[in-house]
Amino acid sequence: MSSSTNDFSPGLAGVVAFETEIAEPDREGGSLRYRGVDIEELVGDVSFEKVWGLLVDESLEPGLPAAYAELPVRTGGYMSDLQAGLAVLGGRWGLKQLIDIDDDQAKDDLRRLSSVALSLVAQSARGDKTPVPEREVVQGKTAAERFLLAWRGEVDEKHAKAIDTYWICTAEHGLNASTFTARIIASTGADCAAALSGAVGALSGPLHGGAPARVLPMLDAVAELGDAEKWVRDALARKQRIMGFGHRVYRAEDPRSRLLKRTAKELGSPRVDVAEAVEQAAHEAIAERHPDHSWTNVEFWSAVVLDVAEIPPNLAPAMFACSRTAGWSAHILEQKRLGVLVRPSARYVGPGERSLSQLN
């Protein structure tokens, strides 16, 4: 595509803004690779904090360390708690701006913020209960275990595996709204907390990070009716969107969906049967209209896996933010190294030249 300012793509769809070495979604083959490593090799073999290291440090070691910070403000929402908390801590810690620090310091800042972000979400989910002491939280062997300790004060291994798998599968997926936001902020030379906080704000919108929260109510409705095919037909007749289907990147099966489905079965989710029934019915019905958008995406089976860990649907976007700290951090560093201010153009289509008197 030409770089001329006469070119226009609504929402920048299809416009290549960056070259990246971080992740490679295979549109046709249904695979996803983090720095060349297929996520099929990562799930079940390494934990999320090591995957964070792979994406950010290009090495599994040292990965994401155990860290904790008291939630500095309660806003009444999980995502706003995280967004505000990151911004507050950035100022409280006196983080320097990216333009004034080297890559090693930026990595340290991102590592600290990312690890603390998990504890902020866990404390937000815990609500008004007495906080679990930091010394107990950091005893968890993995990031998922530490999250559960900060939230519930105890670890269920099945729940930890569900969270760990979900976080690995959703850690990074190229340039999307929140990642683009993180890169734009990083391009201004702002500090890492500002970039991560801004990315959380972008992810809080329902069109980017909220789909899993809407999948479980759909599965419950199908289970109550007892007929997946009829529910799907009726929903499509009402022009209702079937949540968790289609993806703007993949033209084949979303590899993350495949892994999460396998995990849901391994962990014995009671929702697998109804989810598979909906998946089959919706795939066939949608394929008749839109063959390229008939497969389940990551949100569909994410909802089922998070349900195994007893994650309430309205907490799902914040869980997504926890995982995406890895991808965001990697892109912030990549943008820092690029050293270019993101400054797109807009085409003016408003009124022609006129005088002030013409407004009366």
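Just so you know, these numbers come straight off a predicted model, no measurement behind them.
- By the neighbour-count criterion of 12 heavy atoms within 6.0 Å, atom CD of E229 is sparsely surrounded, having that number or fewer from other residues, nucleotides or ligands.
- Counting non-hydrogen atoms of neighbouring residues, nucleotides and ligands closer than 6.0 angstrom, the CD atom of Q240 exceeds 12 such neighbours.
- Taking the side chain as every heavy atom from C-beta outward, E145 and Q139 never approach each other to under 4.5 Å.
- In this structure a side-chain-to-backbone donor-acceptor pair under 3.5 Å is present from Y34 to I168.
- Side-chain contact check for R241 versus R214: every heavy-atom pair is 4.5 Å or farther apart.
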Exercise for the section: Could you check K261 against K265 for side chain to side chain contact (heavy atoms under 4.5 Å, CB included), going step by step and ending with a plain yes or no? Expected result: CA-CA 6 Å; K261 179 179 180 179; K265 290 183 174 182; 4.0 Å; yes
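- Between atom CZ of residue F18 and atom CD of residue Q335 there is a gap of 4.5 Å, rounded to the nearest 0.5 Å.
- Note on ring orientation: taking the six-membered ring where Trp is involved, the planes of F147 and W167 are perpendicular (angle over 60°, cut-offs 30° and 60°).
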Handout entry: Step-by-step side chain to side chain contact (heavy atoms under 4.5 Å, CB included) determination, I22 to R35
Key = CA-CA 5 Å; I22 300 167; R35 295 198 184 274; 3.8 Å; yes
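- The backbone N or O of V298 sits less than 3.5 Å from a side-chain atom of D254, completing a donor-acceptor pair.
- Between D38 and S31, the closest heavy-atom pair is OD2-CB, 3.7 Å.
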Exercise for the section: Applying side chain to side chain contact (heavy atoms under 4.5 Å, CB included), run through E136 and L149 and close with a yes or a no. Expected result: CA-CA 7 Å; E136 295 181 17; L149 286 169; 6.0 Å; no
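- Hydrophobic cluster membership is shared by V274 and L236, with clusters built from Ile, Leu, Val, Met, Phe, Trp and Tyr side chains linked at under 4.5 angstrom.
- Using a 4.0 Å cut-off between a side-chain N of Lys or Arg and a carboxylate O of Asp or Glu, K50 and E61 qualify as a salt bridge.
- Taking every heavy atom of both residues into account, S178 and A202 meet most closely at CA-CB, 3.6 Å.
- Counting only heavy atoms from C-beta outward, the side chains of I332 and V56 never approach each other to under 4.5 Å.
- Under the 4.0 Å criterion applied to side-chain N and carboxylate O atoms, D109 and K96 are not assigned as salt-bridge partners.
- Side-chain contact, Q280 with E284: a donor N or O sits under 3.5 Å from an acceptor N or O.
- Side-chain N or O atoms of E49 include one that pairs as donor or acceptor with a backbone N or O of A143 at under 3.5 Å.
- Hydrophobic cluster membership differs between V116 and Y68, with clusters built from Ile, Leu, Val, Met, Phe, Trp and Tyr side chains linked at under 4.5 angstrom.
- In this structure, R135 places its CZ atom where only 12 or fewer heavy-atom neighbours from other residues, nucleotides or ligands lie under 6.0 Å away.
- In this structure, L225 places its CG atom where more than 12 heavy-atom neighbours from other residues, nucleotides or ligands lie under 6.0 Å away.
- Using a 4.5 Å heavy-atom cutoff, the side chains of V304 and L260 are not in contact.
- Sparse packing is recorded around CZ of R343, with 12 or fewer heavy atoms of other residues, nucleotides or ligands lying under 6.0 Å away.
- In plain terms, the two heavy atoms of W301 and E276 that are nearest each other are CH2-CG, 3.9 Å.
- Closest approach of A106 and L98 over heavy atoms only: CB-CD2, 3.8 Å.
- Note that the NE2 atom of H159 and the CD atom of E154 stand 9.5 Å from one another [nearest 0.5 Å].
- Looking at heavy atoms from C-beta onward, R256 lies out of side-chain contact with L259 at the 4.5 angstrom threshold.
- Side chain of Q123 to backbone of S119: a donor-acceptor contact under 3.5 angstrom is found.
- For the residue pair N297 and S257, no side-chain donor N or O sits within less than 3.5 Å of a side-chain acceptor on the partner.
- Tracing side-chain contacts under 4.5 Å through hydrophobic residues (I, L, V, M, F, W, Y), one never reaches V200 starting from V88; they form parts of separate clusters.
- Side-chain contact check for L196 versus L110: some heavy-atom pair is nearer than 4.5 Å.
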Exercise for the section: Report the C-alpha separation of M218 and I242 in whole Å, then their side-chain angles, then the decisive distance to 0.1 Å, and conclude whether the side chain to side chain contact (heavy atoms under 4.5 Å, CB included) test is met. Expected result: CA-CA 8 Å; M218 177 182 71; I242 310 297; 3.9 Å; yes
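- In this structure, D156 does not pair ionically with K158, as no charged nitrogen and carboxylate oxygen lie closer than 4.0 Å.
- Taken to the nearest 0.5 Å, the NZ atom of K336 stands 6.0 Å off from the CD1 atom of I101.
- Ion pairing between R183 and E334 holds under the 4.0 Å rule for side-chain N and carboxylate O.
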Exercise for the section: Would you please test S47 and T142 for side chain to side chain donor-acceptor pair (under 3.5 Å) and show each step? Expected result: CA-CA 7 Å; S47 56; T142 66; over 6 Å; no
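- Between atom CH2 of residue W328 and atom CG of residue L55 there is a gap of 13.5 Å, rounded to the nearest 0.5 Å.
- Hydrophobic clustering (side-chain heavy atoms under 4.5 Å, transitive across Ile, Leu, Val, Met, Phe, Trp, Tyr) keeps I163 apart from L267.
- Residues V46 and L32 share a hydrophobic cluster, clusters being chains of Ile/Leu/Val/Met/Phe/Trp/Tyr side chains in contact below 4.5 Å.
- Here the side chains of L219 and V278 are in contact, with some heavy-atom distance below 4.5 Å.
- Within the 4.5 Å cutoff, no side-chain heavy atoms of E224 are placed close to those of D220.
- Minimum heavy-atom separation, S197 to Q83: OG-O, 2.9 Å.
- The line from OG1 of T179 to CD of E172 is 5.5 Å long, rounded to the nearest 0.5 Å.
- Checked by atom type and distance alone, the side chain of R126 pairs as donor or acceptor with a backbone atom of T130 at under 3.5 Å.
- For the pair T181 (side chain) and A177 (backbone), a donor-acceptor distance under 3.5 Å is present.
- Scanning both residues, A321 and L82, for their nearest heavy atoms gives CB-CD2, 3.7 Å.
- By the 4.0 Å N-to-carboxylate-O rule, R111 lies close enough to D108 to be salt-bridged with it.
- For the pair S187 (side chain) and V342 (backbone), a donor-acceptor distance under 3.5 Å is present.
- Residue L118 holds its CG atom at 9.5 Å from OG of S323, rounded to the nearest 0.5 Å.
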